[in-house]
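Notes for the one structure printed next.
Quick note: numbers below take in every heavy atom, side chains included, and nothing from hydrogens, waters or symmetry partners.
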Amino acid sequence: MASSSWQTTPGTYTMIISYDGSLSGYDAGGQAVVTFTVYKEAVNADAIAAVLYDVDGDGTKEVVSSVEAAYDGTDLAGRIETVVETANGYRLMPVRDYTVRYYSADGTQVRTLIDAGTYTLKVTSDIYKLTGTTEMTVTINKIGATNVKAAAVTDKKWDNVGNVTSYLPWQADGVTLDELNLQYKDGDSWVPFPMDVIKATILDSEGNEVKKIEEEGVYTIHFEGRNPNADNYVVPGDITITCIKDGTEAEEDGSHVNHLIFTDVNYIDYFADPVNYVANKKFMNGYANTNVFGSYDNLTSGQVACVPYNMALDNRKDDETDLVYTEDKGYITGFSDVDGKAYYGAAIAWAKQAGVVNDYGDGTFKPEQTVTREEFCAMLANYASKYEDGYAEGDAATLADFEDADQVSEWAEKVVAWGVENGIIGNGGFLAPSASIIRADAACMVYNYAEAE
């Protein structure tokens, strides 16, 4: 190479300078090594170097100072374009004139931008001197699969003011993980959950893994990374779902249990099945124009009379006598204080003639007075003695097993004993005979009576 060719040829050079002192009459000498780079020309990266990227997905790339995208499993580097031009507008060629490299957060060079993380884009050249900003941050965000739902979960809307119960309908054959149909929110859409990447497990209330949901109850769906690719996702926290019988699936005996009839009856309540039974049989109803059963409300005499009457209607045993109805008084009940036109008029008239209820010894029925547990048991006993061939009165000695047996009225000893012997009352280990009966316990007694038949 000519002595001056290095001055016009881009590249990196090493110059060795030697000095021999003896030539000048000196004993000393030595050498120096100098390395330097010759550039073709200087390029201001801030002014004429650019990175182009389609930010909004409209098909047009814009000049950007950083790139941010969501993980989608493809190479983001293929969608990033770099442009470098000289001061006179000459566009440089990548690879030949300059190099674009990517580095991970730990400084390791990478060839592709696929996995979530923060990277650095660097533009370098051995030919041109690039000054200014020649580095750019590239971020690939993890997929935020945090908003997860089971599409198999449905809603029971109780009213128009937002009272809703979200639940998984119970199925006789159980519900598997696949049948839960897990999804996560991606923008405005729900998309299938990446089960091949993130492992989902069903846990019961004890924290034990189950293969499918077979019983009513609260279950937890637990998530954890299944493989290294899970690092590209934000693994969601646990979610819970509640499985409830809603009457859509028949049990082994063919019955359809619905624990979503009333807002104040929870599937875990001790009276859930009894309330379901009496409601389906129409022996007892909720309050008119509501979804409320009034589980803990006391029953009045007028309400109580409707129960055996509805039972008789169901069993077609209500036509043994003809009820008398007049325009001015309604049903003739035989009680001086009963309005025959009230909702309970027909029921009380029937119950009086059938001998299921009696007066208080003074010709009154007291329809608005609360009823005690022993009085309700007596009503069921009267019904059974009237219509059941195998009825036998109870033995008062049976009550000796209860600590509160001494609270049973003398007149009620045999009917309460009958209730104990037939599993109708006393199943909780107490009688509480003089306590006002609540609607939930009345449903339990009717249910127990039906089971004992």
Side-chain angles (χ1 to χ4, degrees), residues 55-57 67-76 105 113-119 138-249 258-260 263 266-268:
V55 177
D56 50 16
V67 173
E68 184 171 0
Y71 167 80
D72 63 3
T74 64
D75 185 6
L76 179 61
L113 302 181
I114 297 177
D115 292 329
T118 300
Y119 302 87
V138 178
T139 304
I140 301 178
N141 294 319
K142 293 184 178 183
I143 292 180
T146 54
N147 189 357
V148 182
K149 73 173 183 179
V153 170
T154 187
D155 291 335
K156 165 69 175 183
K157 296 181 179 180
W158 297 102
D159 48 42
N160 294 322
V161 294
N163 290 315
V164 175
T165 296
S166 296
Y167 72 101
L168 173 69
W170 176 84
Q171 294 184 26
D173 294 331
V175 181
T176 65
L177 187 62
D178 287 342
E179 291 171 331
L180 287 177
N181 192 8
L182 295 178
Q183 301 176 357
Y184 75 94
K185 191 71 173 291
D186 182 17
D188 295 328
S189 303
W190 289 97
V191 298
F193 191 79
M195 303 287 284
D196 58 328
V197 177
I198 299 176
K199 180 181 179 180
T201 306
I202 304 175
L203 306 177
D204 63 17
S205 59
E206 303 279 321
N208 301 313
E209 180 178 354
V210 296
K211 296 302 181 182
K212 57 183 178 179
I213 297 173
E214 299 180 288
E215 303 291 340
E216 286 185 301
V218 178
Y219 294 83
T220 298
I221 310 301
H222 174 67
F223 301 97
E224 58 186 278
R226 185 183 293 275
N227 53 46
N229 202 30
D231 291 339
N232 293 310
Y233 292 79
V234 178
V235 178
D238 295 350
I239 64 172
T240 59
I241 58 177
T242 303
C243 180
I244 303 177
K245 296 177 180 179
D246 63 358
T248 57
E249 279 281 324
N258 187 354
H259 289 155
L260 286 168
T263 59
N266 195 298
Y267 74 98
I268 60 174

Asp115 and Asp231, any side-chain heavy atoms less than 4.5 Å apart: no

List the steps and the verdict of side-chain hydrogen bond (donor to acceptor under 3.5 Å, both in side chains) for Asp246 and Tyr267. CA-CA 10 Å; Asp246 63 358; Tyr267 74 98; over 6 Å; no

Less than 4.5 Å apart, any side-chain heavy atom of Asp204 and any of Tyr219? yes

Counting heavy atoms not belonging to Glu215, are there more than 12 under 6.0 Å from its CD? no

Output, in order, the C-alpha distance, side-chain angles, deciding distance and verdict of side chain to side chain contact (heavy atoms under 4.5 Å, CB included) for Asp155 and Ser166. CA-CA 4 Å; Asp155 291 335; Ser166 296; 2.6 Å; yes

Trp158 vs Val164 side-chain heavy atoms within contact, under 4.5 Å: no

Between Val138 and Leu76, is any pair of side-chain heavy atoms under 4.5 Å apart? yes

Met195 side chain reached by Leu182 side chain, heavy atoms, under 4.5 Å: yes

What distance do Glu214 atom CD and Cys243 atom SG have between them, rounded to the nearest 0.5 Å? 10.0 Å

Tell me the closest heavy-atom pair linking Gly225 and Ala230, and the distance in Å. CA-CB, 3.6 Å

Ignoring hydrogens, what is the shortest heavy-atom contact between Glu68 and Asn141? Give both atom names and the distance. OE2-ND2, 2.8 Å

Below 4.5 Å, heavy atoms only, C-beta onward: do Pro192 and Tyr184 meet side chain to side chain? no

Do you know the tightest heavy-atom contact between Lys142 and Tyr233? CD-O, 3.7 Å

Quick one: do Thr74 and Asp72 satisfy side-chain hydrogen bond (donor to acceptor under 3.5 Å, both in side chains)? Show the steps, please. CA-CA 6 Å; Thr74 64; Asp72 63 3; 2.6 Å; yes

Hey, what do you get for CD (Glu179) to NZ (Lys212), rounding to the nearest 0.5 Å? 8.0 Å

Side chain to side chain contact (heavy atoms under 4.5 Å, CB included) between Ile198 and Arg226, worked out: CA-CA 5 Å; Ile198 299 176; Arg226 185 183 293 275; 5.8 Å; no

Would you give the length of the straight line joining atom CD1 of Ile244 to atom CG of Leu168, rounded to the nearest 0.5 angstrom? 9.0 Å

Any donor-acceptor N/O pair, Asp186 side chain to Trp190 backbone, under 3.5 Å: no

Nearest 0.5 angstrom please: Tyr167 OH to Ile241 CD1, how far? 13.0 Å

Within a strict 4.5 Å, meaning less than it, do heavy atoms of the Asn227 and Val197 side chains meet? yes

Report the distance from atom OG1 of Thr146 to atom CD1 of Ile239, rounding to the nearest 0.5 Å. 11.5 Å

Heavy-atom closest contact (Ala70 atom, Ile140 atom, distance): C-CG2, 4.2 Å

Using only atom types and a distance under 3.5 Å, with no angle test, would you say the side chain of Asp238 pairs donor to acceptor with the backbone of Thr220? no

Kindly check if the number of other-residue, nucleotide or ligand heavy atoms within 6.0 Å of CG (Asp173) is above 12? no

Can you tell me how far the CG atom of Asn266 sits from the NE2 atom of His259, to the nearest 0.5 Å? 9.5 Å

Heavy-atom check, side chain of Ile202 versus side chain of Ile213, under 4.5 Å: yes

Nearest heavy-atom neighbours spanning Asn181 and Ala152: CB-N, 4.5 Å

For Ile114 and Asp75, which heavy atoms make the closest approach, and how far apart are they? CG1-CA, 3.8 Å

For the pair Phe223 and Phe193, name the ring-plane relationship: parallel under 30°, tilted 30 to 60°, perpendicular over 60°. tilted

Would you say the side-chain atoms of Glu216 pair up with the backbone N or O of Lys245, donor to acceptor, closer than 3.5 Å? yes

